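Residue numbers begin at 1 in each chain, while the letters A, B, ... track the order of the sequences. What you see is a predicted model; the values in this text were computed from it and never measured.
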There are 2 protein chains.
Amino acid sequence: MKKISSKTISRVIVYIRTLESLVLEGKNTVSSRELARITDLTDVQIRKDISNFGKVGTPRVGYNTTELKNVLEKFILRKNEIRIVLFGVGNLGKAILRYAGFGKQKLQIVAAFDRDKKKIGKVVNGVKVHSFETALEVIRNNTVDIGVIAVPEEKGQEVADLIVASGIKGIVNFAPVSLRAPKSIHLRNIDLAIEFLSVYCDARA
Amino acid sequence: MKKISSKTISRVIVYIRTLESLVLEGKNTVSSRELARITDLTDVQIRKDISNFGKVGTPRVGYNTTELKNVLEKFILRKNEIRIVLFGVGNLGKAILRYAGFGKQKLQIVAAFDRDKKKIGKVVNGVKVHSFETALEVIRNNTVDIGVIAVPEEKGQEVADLIVASGIKGIVNFAPVSLRAPKSIHLRNIDLAIEFLSVYCDARA
DNA sequence: AATTGTGAACCTCTTCACAGCT
DNA sequence: AGCTGTGAAGAGGTTCACAATT
């Protein structure tokens with residue numbers, strides 16, 4: 001099958017979420033134009049994205065909400081549960097542990113790690129905090145899809161190396177540093193300072 | 001001057017940060033190739049980006065670190081301080097208030113707002129928490145560049161409307177909802193679930 | 001000799017225009 | 001008539017190849 005771009009993937013996740021609401025509202029069909037209005041994208045963009053996954057719609061009618069949701073989920077998510085481990089249980093780490101948007105999206109944080117002895121053993125929002133030393137072992141006993149870095153910047157690279165060594169293939173990094181990782185690892189940096197500055201620059205222009 | 005794309009802006013912010021470290025290390029000049037190695041970009045990309053701001057480098061020598069940093073800051077940041085207000089002092093809001101990466105980048109959170117009476121009046125990391133009702137007034141008495149939405153998703157649109165009404169032109173939204181805002185407002189959505197899923201999908205492909 | 005700066009080629013993503021279907 | 005699906009055109013962003021510079 002054709003490679004699906006990361007931009008398409010982000011939009012498809014929005015479609016899935018939107019379709020979920022529509023199904024809950026009891027809506028059976030939806031047109032690309034309606035989806036466009038809700039998501040603030042264009043109808044053509046949406047049809048192009050959906051066409052990656054086959055011919056799902058009915059001309060003159062639109063898409064069956066449940067069917068479209070199932071098709072998109074099947075191609076994009078595939079697994080029933082995406083398993084995440086978190087490094088760093090500071091303010092940001094706690095915010096991530098308590099983030100409400102995960103449940104519906106099949107995202108599950110299966111373990112957290114921290115250096116601070118006082119935090120080790122505690123349970124935050126149902127997730128147990130382990131020591132860094134036990135990370136490799138814990139990860140190997142679980143099937144983990146994503147490692148999240150929420151530690152201070154000076155520890156970022158060390159944690160990244162640990163995640164790579166554990167065999168995890170996806171990293172989300174919140175530490176404001178450029179991390180080195182092999183090309184085979186998919187690394188996403190979320191740097192709050194950069195996001196804020198970039199909104200400021202755009203808004204001003 | 002030519003319009004500078006938002007992708008370029010994000011990269012330039014990384015250059016500025018990198019140059020800051022280099023200046024601190026006492027390094028006087030740097031080549032595009034060295035910057036490329038540090039930032040994990042290509043040297044041509046870096047030279048193209050820099051060329052938006054004039055001819056700053058010296059063939060055979062490279063760029064003067066301090067000069068380049070000043071030029072980039074002058075074009076991109078312009079102001080001495082970028083002023084931010086935060087809506088929602090929950091876990092994520094607190095994480096943002098305590099985020100270490102802001103000081104150096106001239107980002108300053110000038111006020112926070114929350115609905116919870118128990119939080120109003122408190123000071124978190126030097127920032128005072130006000131009631132929602134006083135937001136318009138507080139914002140009008142300050143010059144505010146960016147409003148940050150860190151409230152539960154059902155309150156997201158309401159807060160967005162309030163920010164728009166206050167005259168602020170840039171919004172960073174962490175609530176997992178599609179917000180409506182006039183085209184003149186620059187809105188950036190940071191949806192953790194989407195970021196995580198998208199890393200998972202890419203990593204799997 | 002080594003590095004910057006840049007027009008042109010290339011690639012990727014979005015939008016247009018419209019054929020095809022019910 | 002109205003909606004989907006899509007080849008082709010267009011826009012935007014990156015990389016190539018190399019002229020200009022010290």
Side-chain angles (χ1 to χ4, degrees), chain A residues 1-15 18-19 22 27-72 75 183 198 201-202 205, chain B residues 1-15 18-19 22 27-69 71-72 75 183 186 198 201-202 205:
Chain A
M1 200 220 314
K2 197 168 58 179
K3 162 101 175 79
I4 303 210
S5 80
S6 122
K7 290 191 161 192
T8 301
I9 290 172
S10 299
R11 284 190 303 263
V12 169
I13 295 164
V14 174
Y15 306 155
T18 308
L19 289 163
L22 292 175
K27 211 159 166 9
N28 287 321
T29 61
V30 68
S31 68
S32 57
R33 176 184 288 229
E34 276 177 286
L35 279 175
R37 196 181 36 74
I38 299 171
T39 58
D40 221 10
L41 298 163
T42 70
D43 55 346
V44 191
Q45 178 83 80
I46 291 173
R47 291 200 299 278
K48 261 263 151 67
D49 285 339
I50 293 173
S51 76
N52 282 299
F53 312 105
K55 303 193 182 188
V56 193
T58 314
R60 174 102 175 94
V61 178
Y63 302 92
N64 177 296
T65 48
T66 308
E67 186 196 356
L68 180 54
K69 171 172 165 290
N70 289 340
V71 168
L72 297 180
F75 277 89
K183 289 229 175 57
S198 135
C201 293
D202 281 2
Chain B
M1 199 222 313
K2 197 168 60 179
K3 162 102 175 77
I4 302 206
S5 80
S6 119
K7 290 192 160 191
T8 301
I9 290 174
S10 299
R11 285 190 302 264
V12 168
I13 295 165
V14 174
Y15 306 155
T18 307
L19 288 163
L22 292 174
K27 209 158 167 14
N28 287 321
T29 62
V30 68
S31 68
S32 56
R33 177 185 287 228
E34 276 175 286
L35 279 175
R37 195 182 35 74
I38 300 171
T39 59
D40 221 13
L41 297 164
T42 70
D43 55 345
V44 191
Q45 178 82 81
I46 291 173
R47 292 200 298 279
K48 260 267 153 64
D49 284 339
I50 293 173
S51 76
N52 283 298
F53 311 106
K55 301 192 182 189
V56 193
T58 314
R60 173 102 175 92
V61 177
Y63 301 92
N64 177 297
T65 48
T66 308
E67 186 196 357
L68 180 55
K69 172 172 164 291
V71 169
L72 298 180
F75 276 89
K183 290 229 174 57
H186 201 88
S198 135
C201 293
D202 281 1

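- Thr66(B) meets the side chain to side chain contact (heavy atoms under 4.5 Å, CB included) test with Val23(B), Asn64(B), Asn70(B); sequence neighbours excluded.
- Checked against side chain to side chain contact (heavy atoms under 4.5 Å, CB included), Ser10(A) has the following partners two or more places apart in sequence or in another chain: Arg188(A), Ile194(B), Ser198(B).
- Reading DNA chain C from its 5' end, the first and the last nucleotide to sit under 4.0 Å from a heavy atom of chain B are dA1(C) to dA8(C).
- Nucleic acid contact class of Thr58(A) (heavy atoms, under 4.0 Å, all strands): sugar-phosphate only.
- The interatomic distance linking Asn52(A) (CG) with dT4(D) (C1') rounds to 15 Å, in whole Å.
- By the salt bridge (Lys or Arg N to Asp or Glu O under 4.0 Å) test, Lys27(A) is found to be paired with Glu34(A), residues two or more places apart in sequence or in another chain being considered.
- Contact annotation for Ser5(A): backbone-only contact, meaning every heavy-atom pair under 4.0 Å involves sugar-phosphate atoms and none involves a base.
- For the pair Lys7(A) NZ and dA11(D) C1', the computed distance is 12 Å after rounding to whole Å.
- Spacing between atom NZ of Lys55(A) and atom P of dT4(D) amounts to 14 Å, rounded to whole angstrom units.
- Annotation: side-chain hydrogen bond (donor to acceptor under 3.5 Å, both in side chains) contacts of Ser5(B) (sequence neighbours excluded): Thr8(B).
- Scanning for side-chain hydrogen bond (donor to acceptor under 3.5 Å, both in side chains) contacts around Ser32(B) gives Arg47(B), with sequence neighbours left out.
- Near DNA chain C, meaning a heavy atom under 4.0 Å from it, residues 33-50 of chain A has Thr42(A), Val44(A), Gln45(A), Lys48(A) in order of number.
- For the side chain to side chain contact (heavy atoms under 4.5 Å, CB included) test, residues two or more places apart in sequence or in another chain that qualify with Val56(B) are Ile50(B), Tyr63(B), Glu67(B), Leu68(B), Val71(B).
- Distance, Phe53(A) CZ to dT4(D) P: 17 Å, rounded to whole Å.
- Both Arg60(B) and Ser6(A) sit near DNA chain C, but only Arg60(B) has its closest nucleotide nearer the 5' end.
- Every residue meeting the salt bridge (Lys or Arg N to Asp or Glu O under 4.0 Å) condition with Lys69(A), not counting sequence neighbours, appears here in chain and number order: Glu73(A).
- Between Phe53(A) and Val12(A), some side-chain heavy-atom pair lies under the 4.5 Å cut-off.
- Residues Leu35(A) and Tyr15(A) have side chains not in contact (no heavy-atom distance under 4.5 Å, counting atoms from C-beta outward).
- Shown here are the side-chain hydrogen bond (donor to acceptor under 3.5 Å, both in side chains) partners of Thr39(A), two or more places apart in sequence or in another chain: there are none.
- Partners of Asp202(B) under the salt bridge (Lys or Arg N to Asp or Glu O under 4.0 Å) rule, at least two apart in sequence or in another chain, do not exist in this structure.
- For the helix from dA1(C)-dT22(D) to dT22(C)-dA1(D), the rotation axes defined at the first and last 5 base pairs enclose an angle of 10°, given to the nearest 10°.
- Protein atom CG of Leu68(A) is 10 Å distant from nucleotide atom P of dT4(D), rounded to whole Å.
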